[in-house]
Every structure is written in C-alpha cells, then in structure tokens.
Amino acid sequence: MSAPSRKSIVQTMAAHSRARHDERQAKPIQLPQEFASHVFNDGVQRQRLTKPVYKALRRTIVNGVELDAEIADIVANAMKDWALEHGATHFTHWFQPMNGLTAEKHDSFLSPTSDGRAMMEFSGKELIKGEPDASSFPSGGIRATFEARGYTAWDPTSPAFLRKTARGATLCIPTAFCSWTGEALDQKTPLLRSMQALSQHAVRLLHLLGESNVTRVVTTLGCEQEYFLVDRRFYYLRPDLVATGRTLIGAKPSKGQELEDHYFGAISERVIAYMQDLEQELWRLGIPARTRHNEVAPGQYELAPVFEEASVAADHNMLTMEVMKSVAERHGFACLLHEKPFAGVNGSGKHNNWSMSDNLGNNLLEPGNTPGENLKFMVFLTAVIRAVDLHQDLLRACVAHAGNDHRLGANEAPPAIISIYVGSQLEDAIRGLVEGTAPAKKGADKMKLGVTTLPPLPRDQSDRNRTSPFAFTGNKFEFRAVGSSQAVAHPNTLLNTLVAESLDYLASEIEKRGGKGDRREVIDALVKEVLTKHQRILFNGDNYSDEWLAEAERRGLLNLRDTPSALARFAADKNLQLFEKYHVFTPRETQSRSNVAFHTYVHRVHVEAQAAKNIAATMVMPAGIAHQERLARSIQVAQQVMPRADLKPQLDCLELVSKTVNELKRSLDRLENARAHAEAHHGTPEEHAVAFRDQVMPAMAELRQHADLLEGLVEDDLWPLPKYSEMLFLS
Ligand code: ADP
Ligand code: MG
C-alpha cells in the first residue's frame, strides 16, 4: 500500500473535521492525590524507609554526605519494590550528555536463580554507579578511545521517576555522567557545581549584609516552553522536518494569514485534548505544569511550569520535552521543538526565568517593602547587572547553535546583542543613583529601594518589553535568548557562574573596604560605583531597531550574529580562568564544550544540506519537470485545435517554469560543491564551522529561493510536499 498523498490527507481532514481529536476515554486524573505518583520523592522515601535510613539519605541529599554501601542497598531495594508495584521491569540511569539530549540504557531487574527461576534484584551499587559504553557520546576530546569508559553517578537531589508506557514501566534514576578521570561529560554536573559556587558567594554576601542565619542559596528556574504541533501525516511527508526539525524549503502562506488572532486565542478541541493528556502525564511525574496557551504563530503553543530549584527544573524541562513528543504521537501530531520550523513565521524560544532564593525561602530579587530587604535587592540586582555586562560573550555563546541562528541576530526576537531590560522606573532610579540626582516623589503603592538616592517604584510595574533578551520581570530575570529545543542546564550553568563571580567580587570589596556598623555607606558607594561602570548594558528601548544596533556599537557591546562567531570566544583565557576559579569547568572541560558546540553546528548544517539536496532533487525538481511537461503538452494541443490563438501567456508560463527548474538544478550543484568543499576543509573546529556557515548556509538559502518560487508555479496536485498553509492551519 502506498502512503497517502498530500492531497488525500487534506481531503480526509476536511471530511472528518469534527471528531478528529483524541477519542480515547482517558481516565481523568485525581488531583492533588495523583501529583507525583510516579516519583520516588521525599514523601515516598519517608514512608518506605526506616527512620535511620531515611535520615541518612536526607543527609546525602541536603548536605552531600556520602551514602554508605549498606544504606545504599536498603534504599535501592525500597526503590525497586516501589517500582515493581507500579509495573516496572527495568531501570535506567538517566543522564544528559553533551549532545543536548537525554540518554538512557535499560537493564531489567531480572536475575536468574540456579533452580531455573528468576528474582527481581537491584543493589545499592547499581543505584549509585553505572558504566554505560560512553564511546558514542560526544566528549569534545576529553576521552580518547583507549579510555572509552564513562560512568554515571546517582544524583540523589533529583528524584527517581517512572516512565510508563502501554506495556510496562521503567525506573529512571537521574545521574551525572563523567569520564574515568572524573571530568564531566554531561550538562548536569557543571550545573550542580555552578549552583554550589553561587550559593557559597551569595551566602558570604548575605552574611556581610547582616543576614547571618542564611546557610544556603539556590537558584530557581521556570522554563516557558514554546512548541509547534503539526498533523503527523503531513510531518511524515516532509523529509526535512523528520531529518532536521525544520522545513528547508516551503513558500510562506500568502500575506495576512499569520494574523495576531492566534495569540491567546481559543484553543481547538484537538489541541486541548493533547494538552490535557500531556499535563496529566507531567503531573504524575511531579512536573508542576501550570500555564498553557496559544502562541503568536498559527500552530504554535506554550507550556509553563511553576518554577523549581534549577537542577530539578532542568531535569524536568528535559523530561517535559520528551513527554511532549511522545504524547503528540498518540494524538496524531508531531511536536516541533526546533527554534524555527517555518521560515518567515514566528519561531520558538524558551524563556528562562531565573532567580536566587535563600534557605529560608526568600527570593533575593524580590524588591520587597522594608528598606533592609531592599538594600539586599539592590545589591543582588547590581551583581546581575555587572555579571551580564562583563560576560555578554558567555551569555551569547550558551544560546548559540544552528537552530537558534534563525532567531538571534535574524529579524526576530531577541537580538544577538545581549542587554538588560529593567523597566523605565528602575532604570531612572539607577540613573538617579549614578548621577546623584534627587529621587522622585513618592506615590501611593510604591516600593522603596532602600538606597537613599533611589526613588520608590510602583509595585505592579511589569515588563511589557518583549524584545529584550534579558529582562527583569518583577522579581526574577527572564533570559529570553534560550532556544526552544535547548537543554537549559548549560545556559543556567553559565548564568550561575558569572553571577557567582560578581557576588564574590561584591563580597570581597565590602570585606576589603570595611566600614562601620551595618556598612551602609560602604555598600551604597560600592553599588553606585559598580552601576556607574556597567550601566551601558541596560537598554529599555526596541531591541529590533536599527538605532539600537548603532547605539550598542557606540556603547561597545558585542553583536555576535551567528553560532561560529558567538562560540569563538567561549574558550578565551578570561573564561577558562573564570570557570576554573569557581570549579565549574576545568580548562579541559571548557575546551571540550567548545569543541562539541562547533562540531554539533557543523553536523547539523551538514545534515540540513544533505536533506535539502535530496528533497530538491527527488521531489521538487520532478514536480517542476512534470508541470513543465503538462504545460508543453497543453500548448501543443492548443496549437493544434486553435492554430491562430495567441499562446504567448502559456509560452511565458512555460518559459518561467523551465528557467526556474534550470536555476534550481544549478543551485543544487552549487550546494553539493559547497558541502563537499566545507566538509573537506581541514582546520580547527572553529574554521570548520566557519566554512559551513560561509559556504553551505548561503547555498542552501539560494536553493530554497528557487524551490519556493517553483512552489508558486507548479500546479497544486503535482506538488508533493505539504505546504505551509496546510501544516500551519489544518489540524
Ligand atoms: P510571564 O508570563 O509574564 O512571563 P509568569 O509570572 O507567568 O511571567 O512566570 C513565567 C515563569 O516564571 C513561570 O514558569 C514561573 O514559575 C517562573 N517564575 C516565577 N517566579 C520565579 C522565580 N522566583 N524564579 C524562577 N522562576 C520564576
Ligand atoms: Mg515570559
């Protein structure tokens, strides 16, 4: 049986436009009882472990005390019993290698006995340490083939969970992944290290501010996940979507179709069924999904959870992306997480909402009411401003990858220039402080900033500037340049590290300068000094405007437009030293991340070039030629039956099609040459990436231009690829 054509799918969809949403009678979830029912969390641990064992485990989770072997066996056994009761047969160490995905290798609990039966076993050793064959994961040069071993190590701070499918369940144990030399081969270990660094210096600073009862600071994270849904049948007819996650050719729908009416619009029944199924699965996994809505583009949606401790939130976001894809499959959708699945249509990002919170539950970026707390706010705000200005290069580099190049630095938010939006009132306040001008008069509901020269702010001032890559939104920062498909561990690792460095700086300066009593004068002066130096990073205007480009250049801010340029600075001396000082990456680990990122860029562009070539050669060209043939035949017939008719318009059509087909063929050859040339280019990883950017990317763009022109010429029933208008508007 041959696959259904594009046309037949559209016809079936029209015929069944009513009851196409998922009809299965899903058992509605019982909330809150079923929340986290698939998680071996604190509550389950307390219930299933004896008090001494539970306490020992808590010491490991909270204070990082090593778990002794005997206790580990007991914990493993309890975990296994719980998993078996939920239908599990296998366990896996679940980790985040440097390829930006998650990895798992399943082992069953089954252990044959000597009398031919079987037992279900799981030891403490198996819980704590795994040894997957690491040779196929990227190491960026850390691991030579003769030391191909990799180890996974249980991360007890992120609870184990069950992934259930129709035929059973697997116990997933979040782990770190490292080489036998102890170097991190994953994204999780550096994130945990960076959180430790930030905590250390935030606590130091808080103690200097008089908050001596704070013992620990965590970073909090909430990721707003954007995505597209397209009907899965269309998806299968698009080899580019399947291979690369984005359409490599495809003409934009006629202007006006991408209207504002989708954003926050009513959600269709089929999509709501998907979202509900998705949320229920996430809730059972203990992921606090909270907000759902339509996004700007047709077929685009968003899901946002309640924020959590950053390491857990990062795991949860990885899991969310996996669940989004698998639930979509059940509903006949394909979930597209690529940053730019459709050229000319709004792309997808992942707003990375980030803050810091002490062990007493106080958000350190909460402006608050009382002057004491407000001074604290001002100091932490200053630390972030300094960090972002000093390390723009790192914030830019951690969101640089092939997919995100279609958003950052292109004609879409946010731009490649890193700047901070703080809102006009806060910016005025900062300027007042820096320039020593008088504070504004008080109003009704104002928040006082606790620094004598700062005016109070209206409490509800909120961010409506959607063009900024890094915005202060009430009591957190929103890093908006992160791509929708990205693993968030890496960007947060960098954010934590560079803020840790600024906290360290402020604390050290206060210590050095001394001061009397509450050190108020010293701190005020330091805040003023640092803000004066780093205020150039603040920008409240339109980040898309040409004026900003010029202004940013005047201010000396970086504008790194594409992945190779952005990555080029990642392993600079300044950064090698920064990461080493805060024990986040060793120099070799930094270098390896740089290598992996360049390599991934090359690999992705390479795959795109191959896919574009195949589609153009085997689908687009033949459609063009078939249309050419049809036109030629109809002209021939017309000439016979109407010898004196004016056939110039038809001949012009034929000529245009022939010309486009020929140009397509030429650009196909050029693309193939460019790809082969770039591939053969030997040099540093950076030079290789630059070759792909400068040779292959433009050749793909040129090919696309001719293919898209042809789409507008070829008779509709000859066109094999689902069109934008169909993928975006029919579901
Ligand atoms: P908006 O919709 O204006 O972007 P929301 O208040 O809806 O902002 O929050 C968006 C995301 O920010 C949510 O995931 C939320 O949990 C997260 N968030 C809120 N407060 C914090 C915080 N203190 N730390 C980290 N993330 C936070
Ligand atoms: Mg947001």
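First listed ligand is number 1; within each ligand, the first listed atom is number 1. None of these values were measured; they are calculated from a predicted model.
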- Query: Are any of the heavy atoms in His351 under 4.0 Å away from ligand 1?
  - Reply: no

Go through ligand 1 atom by atom and flag the ones less than 4.0 Å from a non-hydrogen atom of [X].
{"X": "Asn363", "result": "23 (N)"}
{"X": "Thr220", "result": "22 (C), 23 (N), 24 (N), 25 (C)"}
{"X": "Glu224", "result": "4 (O), 10 (C)"}
{"X": "Pro305", "result": "13 (C), 14 (O), 15 (C), 16 (O)"}

So which bit of [X] gets within less than 4.0 Å of ligand 1, heavy atoms only: side chain, backbone, both or neither?
{"X": "Arg290", "answer": "neither"}
{"X": "Leu365", "answer": "neither"}
{"X": "Val306", "answer": "backbone"}

Minimum distance, heavy atoms only, to [atom]: which one of [options] is it?
{"atom": "atom 16 (O) of ligand 1", "options": "Phe477, Trp354, Phe307", "result": "Phe307"}
{"atom": "atom 5 (P) of ligand 1", "options": "Glu308, Met356, Lys476", "result": "Lys476"}
{"atom": "atom 11 (C) of ligand 1", "options": "Thr219, Val218, Asn353", "result": "Asn353"}

- Query: Can you name the side chain to side chain contact (heavy atoms under 4.5 Å, CB included) partners of Ser502, sequence neighbours left out?
  - Reply: Ala383, Arg386, Ala387

- Single hit among Val323, Ile287, Leu282 for side chain to side chain contact (heavy atoms under 4.5 Å, CB included) with His316: Ile287

- Message: My understanding is that only one of Leu390, Leu198, Asn496 makes a side chain to side chain contact (heavy atoms under 4.5 Å, CB included) with Glu501; could you say which?
- Response: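 Result: among Leu390, Leu198, Asn496, Leu390 is the only option passing the side chain to side chain contact (heavy atoms under 4.5 Å, CB included) with Glu501.
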
- Task: Fit a plane to each ring of Tyr301 and Tyr227, take the angle between them on a 0 to 90° scale, and name the class: parallel (under 30°), tilted (30 to 60°) or perpendicular (over 60°).
- Result: tilted

- Query: Any idea how Tyr274 and His331 line up, ring-wise: parallel (<30°), tilted (30 to 60°), or perpendicular (>60°)?
  - Reply: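 Rings of Tyr274 and His331: perpendicular, over 60°.
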
- Query: Any chance CD of Gln196 has more than 12 other-residue heavy atoms, nucleotides or ligands included, within less than 6.0 Å?
  - Reply: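 Counting other residues, nucleotides and ligands, CD of Gln196 stays at 12 neighbours or fewer.
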
- Quick one: does Arg292's side chain get under 4.5 Å of Glu302's, heavy atoms only?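 When only atoms from C-beta onward are counted, Glu302 and Arg292 do not touch, as no gap falls below 4.5 Å.
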
- Item | Sequence-distant partners of Thr102, side-chain hydrogen bond (donor to acceptor under 3.5 Å, both in side chains), two or more places apart |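 In terms of side-chain hydrogen bond (donor to acceptor under 3.5 Å, both in side chains), with neighbours along the sequence ignored, Thr102 is linked to Glu322.
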
